[in-house]
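Notes to accompany the following structure.
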Amino acid sequence: MAYVQRSEEIAKDLRDRIIRGEIGPGQRLVERDLADWYAISRTPIREAVKILAAEGLVVLRPNRGAEVAALDGETAQHLFKVIAELEALAARELSERMTGAILAELEARHAEMRAHFEARALNPYFVANSAIHDLIIAECGNPILIEAHGRLMMRVRQGRHMALLDESRWIEAVDEHEQLMTALRRHDPPAAAGIWRRHLLNSGNALARSSSV
């Protein structure tokens with residue numbers, strides 16, 4: 001159990017670094033170097049890399065080992081088209097079953113996200129932003145949607161973080177979050193779904209543009 005836990009801890013740390021861009025697309029994950037970095041044997045490193053490969057964040061290449069997956073413009077658009085439909089449906093279904101407690105939690109997370117935006121603190125902003133997306137999925141009441149969304153989520157997080165490196169997109173994204181909160185406060189499912197679909201599609205388009213530069 002300790003061995004499995006250690007592999008998962010290493011996978012989480014590497015995952016966070018990949019999503020934040022500290023380990024960039026195409027960069028190799030060399031077992032020997034990682035074992036030295038974490039001061040651990042290679043076996044947990046190897047298992048951690050397999051976890052990331054299953055999530056689509058890492059590619060295992062013959063004779064080259066593991067490297068961080070690149071998210072090219074075309075792949076980004078395909079990925080975000082799918083995730084936009086899933087999250088739009090989640091926003092619609094959440095709006096239909098909204099409770100005072102869920103709305104209060106969304107309000108708190110939204111306020112926290114806004115504060116990080118005003119401070120231009122990208123990484124804390126991204127954590128708060130992701131917490132909003134996660135809550136909408138978790139509380140939508142559709143277990144099939146939740147399962148499908150979970151399979152794509154890691155690559156989407158990587159893409160959303162990269163898209164926010166564009167200041168104009170960051171400002172636009174915050175405005176889209178404001179529009180979603182307005183729709184949820186009004187218990188307006190069609191508006192919530194439309195805003196959230198556009199929000200994700202805009203992130204995909206921003207990422208596609210940055211990937212083609």
Side-chain angles (χ1 to χ4, degrees), residues 1-87 121-127 129-131 133-134 137 145-167 169-170 173 200-213:
M1 290 299 294
Y3 158 74
V4 172
Q5 183 178 5
R6 189 67 175 130
S7 297
E8 291 174 348
E9 289 172 355
I10 292 169
K12 181 182 185 305
D13 186 61
L14 289 172
R15 182 187 300 117
D16 290 344
R17 292 174 184 274
I18 291 170
I19 289 171
R20 293 195 301 265
E22 294 176 11
I23 307 175
Q27 187 168 337
R28 293 184 64 203
L29 300 178
V30 181
E31 284 184 17
R32 180 183 63 253
D33 294 344
L34 291 173
D36 290 343
W37 173 263
Y38 289 106
I40 198 170
S41 71
R42 293 192 191 185
T43 303
I45 298 293
R46 191 175 302 120
E47 293 304 314
V49 169
K50 287 180 181 178
I51 292 171
L52 299 178
E55 295 172 351
L57 289 175
V58 167
V59 177
L60 303 177
R61 300 196 184 281
N63 304 318
R64 282 185 53 83
E67 63 182 49
V68 176
L71 196 59
D72 61 78
E74 183 178 7
T75 301
Q77 289 195 310
H78 288 318
L79 177 62
F80 275 81
K81 281 180 181 178
V82 174
I83 211 72
E85 294 304 318
L86 289 174
E87 294 211 16
L122 179 58
N123 286 333
Y125 168 92
F126 186 72
V127 171
N129 175 286
S130 295
H133 283 263
D134 290 347
I137 295 297
L145 187 159
I146 293 169
E147 180 185 359
H149 185 270
R151 288 196 293 268
L152 297 171
M153 199 55 237
M154 296 308 167
R155 297 199 76 188
V156 170
R157 283 194 200 282
Q158 180 189 23
R160 283 212 315 256
H161 195 282
M162 292 169 65
L164 291 173
L165 297 177
D166 179 343
E167 174 76 6
R169 173 57 197 149
W170 194 2
L200 273 298
L201 289 175
N202 284 344
S203 290
N205 290 336
L207 180 57
R209 288 193 300 270
S210 68
S211 299
S212 63
V213 174

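With salt bridges taken as basic N to acidic carboxylate O contacts below 4.0 Å, none links Glu9 and Lys12.
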Show your working on salt bridge (charged side-chain N to carboxylate O under 4.0 Å, His left out) between Asp13 and Arg17 and close with a plain yes or no. CA-CA 6 Å; Asp13 186 61; Arg17 292 174 184 274; 2.9 Å; yes

Check the pair Leu86, Met153 against side-chain contact (heavy atoms from CB on, under 4.5 Å), reporting the backbone distance first and the verdict last. CA-CA 11 Å; Leu86 289 174; Met153 199 55 237; over 6 Å; no

What's the verdict on side-chain contact (heavy atoms from CB on, under 4.5 Å) for Ile18 and Val58, showing C-alpha distance, side-chain angles and the deciding distance? CA-CA 9 Å; Ile18 291 170; Val58 167; 4.2 Å; yes

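Leu29 has its side chain within reach of Ile23: a pair of non-hydrogen atoms, C-beta onward, lies under 4.5 Å apart. Between Ile10 and Leu34, every side-chain heavy-atom pair lies at or beyond the 4.5 Å cut-off. Using a 4.5 Å heavy-atom threshold, the side chains of Thr43 and Arg6 count as separate. Contact of the Val49 side chain with the Leu60 side chain is registered, since non-hydrogen atoms from C-beta on lie closer than 4.5 Å.
Contact record, Trp170 with Ala121: CH2-N, 4.2 Å, taken as the closest heavy-atom pair. Pairing each heavy atom of His149 with each of Ile83, the nearest pair is CD2-CD1, 3.4 Å. The shortest non-hydrogen separation linking Ala11 to Leu52 is O-CD2, 3.6 Å. Of all heavy-atom pairs spanning Phe126 and Ile19, the tightest one is CE2-CG2, 3.6 Å. When all heavy atoms of Pro25 and Ala70 are compared, the pair lying nearest together is CB-CA, 3.8 Å. The minimum heavy-atom distance between Gly26 and Glu67, with the atom names listed, is O-CB, 3.9 Å.
At distances below 3.5 Å, not a single donor-acceptor pair connects side-chain atoms of Arg46 with backbone N or O atoms of Glu31.
Rounded to the nearest 0.5 Å, atoms CG (Leu79) and CG (Leu207) are 8.5 Å apart. The distance from the CD atom of Glu85 to the CG atom of Leu145 is 11.0 Å, given to the nearest 0.5 Å. In this structure, Glu147 CD and Ile137 CD1 are separated by 13.0 Å, a value rounded to the nearest 0.5 Å.
In this structure, Gln27 places its CD atom where more than 12 heavy-atom neighbours from other residues, nucleotides or ligands lie under 6.0 Å away.
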